[in-house]
Structure formats: structure tokens, C-alpha cells
Amino acid sequence: MFKIKEVAWMGQTVAVAMSGGVDSSAAAWLLGQQGYELMGVTMDLSNEGDSSQAVRDSQAVAGQLGFPHHTLELSQLFQAEVIEPFIRCYEAGQTPNPCIQCNRRLKFGALLRSCQELGADALATGHYVRLEQDKGSGRYLLKKAAHLEKDQSYVLYSLTQDQLSHSRFPLGELSKEEVRSIALEQGLASARKGESQDICFIPDGDYPAFLRRHTGRTYPCGPFLDEAGHVLGEHQGIVNYTVGQRRGLGVSSNHGRLYVKELRPEENAVILCENQSLFSSVLTAREPNFIPFDRLNSPMRLRAKIRYRMAEQPCTVEQTDSDTVLVRFDAPQRAITPGQAVVFYDGDVVVGGATIWKGGL
């Protein structure tokens, strides 16, 4: 549907967002080989300044490759734009994806602006995606990585045309093995580092413990209810659950296994159901962002996925007003989860996405 051509870059100075990991380090080396003038930038998100390991590792790689490195203190903005919305979302009975918010507000927001103030024309990251341009419209298009096992386009669907026009993704054509080989061959300090955590501020993955620790709040017990409103037991605080969850419920049914269907924070209730009740063919989502165009003027046949690790499913997407889209899947989808993203694809082009509000009409 979209005609693609290579992006013709005009700027010569590229800032590389460096986490101290192998991906951003290899991205920097690749850009250096292409003749760009580089600077390294690392976000300090923890008030630790130059003492953090990520900063030290990034400085080491920048030193090896011969370009300057800057540490940018963004911990207060990270708190306001990523952590606090993450907490509010969980307390509202939703399941957020903070990486999408971080990319939208911090990496390609505050960090990109800071890099431009330092004299950079563009910001490069180690994301596995590709950026090209539509011949007809001239708009920048986000595409899946060439090697789909590492594709990260799902978490970048919210980027604007301005953000994409100042972005570089050097790893989009490469596999993880090729990237690791580059780092090893060049002797980069990060070459043998493992994969980074999905959520950097909760490395152990215990979200409820983080919420209690960070807010100082306790989340009271309340009723487990079936779909008819009958009490089945007592839950341990609404933030401990997400749609589709089975483990850790501590209740049983004569009809089979039970799963979380819905969270009702206004009642402090968790609704349970059998597996077949988790499926729905329709979802409503808010805050849509479209990349090849500004607005969806008529229903469009696309493929979509409702979580990061899943196969895309055929659907029809309709924009019902400026802030809402309606998605009708050809086949019912399991555990549509409010707070997560639904991302739309046309082949390997990311058409856009939105934040799931609810399953069903």
C-alpha cells in the first residue's frame, strides 16, 4: 500500500542514546563507519549521576570509539512522565506499558530536544526497527525489523512525524547475532553484556511490591466475584492482578479453572470467569497515533496485535472520533487488556496504534 524509498539524511551530527548495552554500542560504531560525527548521551534516571553502571559503561564505549559523552539528568521527568502514570494506571485497574511512555516522552521527547540543544541533527537508538519514506506523501514510515524475532516496532508506534524525522535506527537490518559479533570484533566494552530488562525500574518484575514500596500505600483486600456477582473469595489487593491471570488466585470452581476477566477499582473487586469468557472480537482504544497519515478517514483492513509477544491478527480499524478507535477482529482475541497497546500493521509498515480502553463495545 505504501511506496518506500530510502531516507535521504541531511544532518551530519548524530547523538547516540547509550544505555551501556551491546545494542546502542554497536549502533554507535555503525554510524561512525558511515562517517557521521557522533556524541554519546545517557539518561540518568535515578539521581545517581556518573556513579551509575550504565553511565560508566557508556562512557567507556564512547572513549573507545573516540567521541564525547554527555550524561543528562532526567530523573524528575522520568518520575513525572513514566513512573507516576505507571502507578496511576495500575491503581485504575489497568496494565500499562511504561516502555511506550518512555519512548514517547523521554527518549524521543526530552532527550531528543536536549541533543538538538547540544548541536545534534538526529538521535540514534539501538532499537530493532527500520525507518523509510513514502514516495507519494514524503512522510516518514516506521517499519518492522528485518529479523522479526527482535522487532521492537510495537513500542515505537506513538512516535510523531517530527520525532521520526530526527531519528536513526542503525540496527534495523541486522540480527542480534550480527550485532553481538560487531561488538566482539571491535572489542567494545559492552560486547558480552546480557539482554536488558523489559522494565528498567523494576528489574525483579515484582510490580505490586514496587507499587507498595514507591507509594507507601497499602492496597486493601476485596472480593473475587463471578460474572453474576457472586462472591468466590477474597483478593489480596487489586494491583496484584491483570486480565487473563490464572496463577495465584487461590479460588476454585466446580466448572473449571478461573481467570481474571475484569478489574473494578471503584468497587475494589476482581471479576473471575472461565477461559471461554476471556475472548472478544472487539476493542475500543484511545489516544490513537497514525504514522502514514494524520487520521483514519474510513475503516481500514489491517493486522493488529494487542500485546508485544503475539502474532498479528486480521481486523478492521475505524476511527470513531478524534481520540478513539474501534477495532473489530476477524476472530475473537483472548484477554484484551486495558492499558496495553493495540498496534496496527500493513505488511511490515507500522500504521499506528492506541491504548486499549476496554474489550467489547
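Residues: numbered from 1 along the sequence shown. Given the structure is predicted, the values throughout are model-derived calculations rather than measurements.
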State whether the side chain of S24 and the backbone N or O of S19 hold a donor-acceptor pair below 3.5 Å, judged by distance alone.
yes

Under 3.5 Å: donor-acceptor pair, side chain of K144, backbone of G347:
yes

Can you see whether Y219 engages E91 through a side-chain donor-acceptor pair at a distance of less than 3.5 angstrom?
yes

With no hydrogens and no angle check, is any side-chain donor or acceptor of Q64 less than 3.5 Å from a backbone partner on A189?
yes

With rounding to the nearest 0.5 angstrom, report the OG1 to NZ distance, T125 to K107.
7.0 Å

We want to know whether Q53 and R56 form a side-chain donor-acceptor pair, criterion being a heavy-atom distance below 3.5 angstrom.
yes

Do H214 and Q79 have a side chain donor and acceptor closer than 3.5 Å?
yes

When you group the ILVMFWY residues by side-chain heavy-atom contacts below 4.5 Å and let the links chain together, are L283 and V317 in the same group?
yes

Step by step, work out the side-chain contact (heavy atoms from CB on, under 4.5 Å) result for Y308 and V343.
CA-CA 9 Å; Y308 186 40; V343 179; over 6 Å; no

Close side-chain approach of P96 to Y90, heavy-atom, < 4.5 Å:
yes

Would a single hydrophobic cluster contain both I291 and L112, if residues Ile, Leu, Val, Met, Phe, Trp and Tyr are joined by side-chain heavy-atom contacts under 4.5 Å?
yes

Does the salt bridge (charged side-chain N to carboxylate O under 4.0 Å, His left out) test come out yes or no for R139 and D294, once each step is laid out?
CA-CA 10 Å; R139 290 177 73 100; D294 291 329; 3.2 Å; yes

CG-CZ distance between L31 and R168, expressed to the nearest 0.5 angstrom:
7.0 Å

In terms of hydrophobic clusters joined by side-chain contacts under 4.5 Å, are V129 and L123 together?
yes

With a 4.5 Å cut-off on side-chain heavy atoms, are D323 and P288 touching?
yes

Distance to the ring centre below 6.0 angstrom and angle to the axis at most 45 degrees; does that hold for R212 and Y207?
no

Side chains of T337 and T95: any donor to acceptor distance under 3.5 Å?
no

On the 0 to 90° scale, with breaks at 30° and 60°, tag the F293-F290 ring pair as parallel, tilted or perpendicular.
tilted

Would you call the rings of F169 and F108 parallel, tilted or perpendicular if under 30° counts as parallel and over 60° as perpendicular?
tilted

List the steps, then state whether salt bridge (charged side-chain N to carboxylate O under 4.0 Å, His left out) holds for D348 with R130.
CA-CA 10 Å; D348 60 359; R130 293 175 290 164; 3.1 Å; yes

Co-membership, hydrophobic cluster, residues L232 and V243, 4.5 Å side-chain
no

From C115 atom SG to D121 atom CG, the distance as rounded to the nearest 0.5 Å:
11.0 Å

With no hydrogens and no angle check, do the side chains of T316 and R301 hold a donor and an acceptor under 3.5 Å apart?
yes

Test your reading of the model: is there a side-chain donor-acceptor pair from H235 to the backbone of G237, 3.5 Å cut-off?
yes

CZ of R105 to CG of L111: how many Å apart, nearest 0.5 Å?
15.5 Å

Heavy-atom count check: over 12 atoms from other residues, nucleotides or ligands less than 6.0 Å from R192 CZ?
no

Step by step, would you call E178 with K150 a salt bridge (charged side-chain N to carboxylate O under 4.0 Å, His left out)?
CA-CA 12 Å; E178 290 171 320; K150 286 298 294 178; over 6 Å; no

Which heavy atom in S25 sits nearest to a heavy atom in S190, and how many Å separate them?
OG-OG, 2.8 Å

Within a strict 4.5 Å, meaning less than it, do heavy atoms of the L171 and D23 side chains meet?
yes

Would you confirm whether Q245, through its side chain, and T242, through its main-chain N or O, come within 3.5 Å as a donor-acceptor pair?
yes

Trace of the salt bridge (charged side-chain N to carboxylate O under 4.0 Å, His left out) decision for E312 with K305:
CA-CA 5 Å; E312 301 153 26; K305 57 183 181 179; 5.4 Å; no

Could you tell me whether the side chain of D204 reaches within less than 4.5 Å of the side chain of F210, counting heavy atoms only?
no

Do N268 and I238 have side chains that get closer than 4.5 Å, going by heavy atoms?
yes

Quick one: does S181's side chain get under 4.5 Å of L184's, heavy atoms only?
no

Begin from the C-alpha positions of R104 and Q101 and carry the test side chain to side chain donor-acceptor pair (under 3.5 Å) through to its verdict.
CA-CA 5 Å; R104 175 192 292 154; Q101 187 77 353; 3.1 Å; yes

What closest approach, in Å, do G119 and M39 show between heavy atoms, and which atom pair accounts for it?
C-CE, 4.5 Å

For Q133 and G138, indicate whether the former's side chain and the latter's backbone hold a donor-acceptor pair under 3.5 Å.
yes

L164 and L131, any side-chain heavy atoms less than 4.5 Å apart
yes

Would you mind reporting whether L72 and D44 have side-chain heavy atoms less than 4.5 Å apart?
no

Would you check, one step at a time, whether the test side-chain contact (heavy atoms from CB on, under 4.5 Å) holds for K176 with V22?
CA-CA 10 Å; K176 182 71 177 190; V22 64; 3.5 Å; yes

Can you give me the closest heavy-atom contact between A304 and F344, atom names plus distance?
CB-CD2, 3.7 Å

Quick check against the 3.5 Å criterion: does T42 have a side-chain atom that pairs as donor or acceptor with the backbone of M18?
yes

Hey, any chance F86 and L45 share a hydrophobic cluster, counting ILVMFWY side chains that come within less than 4.5 Å of each other, even indirectly?
yes

When rounded to the nearest 0.5 angstrom, what distance separates CE in M43 from NE2 in H70?
15.5 Å

If you measure only the distance, is there a donor-acceptor pair under 3.5 Å linking the side chains of R334 and N275?
yes

Side-chain donor or acceptor of Y36 paired with backbone N/O of L30 under 3.5 Å:
no

Using a distance-only test with no angle check, is there a side-chain donor-acceptor pair under 3.5 angstrom linking S277 and E227?
yes

Would you check, one step at a time, whether the test side-chain contact (heavy atoms from CB on, under 4.5 Å) holds for E274 with R257?
CA-CA 6 Å; E274 296 177 29; R257 292 176 174 173; over 6 Å; no

For E37, is the CD atom crowded, meaning more than 12 foreign heavy atoms sit under 6.0 Å from it?
no

Give me the atom names and distance for the closest heavy-atom approach of V179 to A26.
CG1-CB, 3.6 Å

Compute whether any side-chain donor of one residue and acceptor of the other, for S153 and D151, lie under 3.5 angstrom apart.
yes

Ring centers of F201, F78 separated by less than 6.0 Å:
yes

Kindly say whether Q236 contributes a backbone atom to a donor-acceptor pair with the side chain of Y241 at under 3.5 angstrom?
yes

Does the side-chain contact (heavy atoms from CB on, under 4.5 Å) test come out yes or no for E81 and L106, once each step is laid out?
CA-CA 8 Å; E81 298 285 2; L106 259 72; 4.0 Å; yes

Is Q152 reaching over with its side chain to a backbone N or O of Y128, donor-acceptor style, under 3.5 angstrom?
yes

Gap between atom CH2 of W357 and atom CD1 of I336 - 0.5 Å precision
14.0 Å

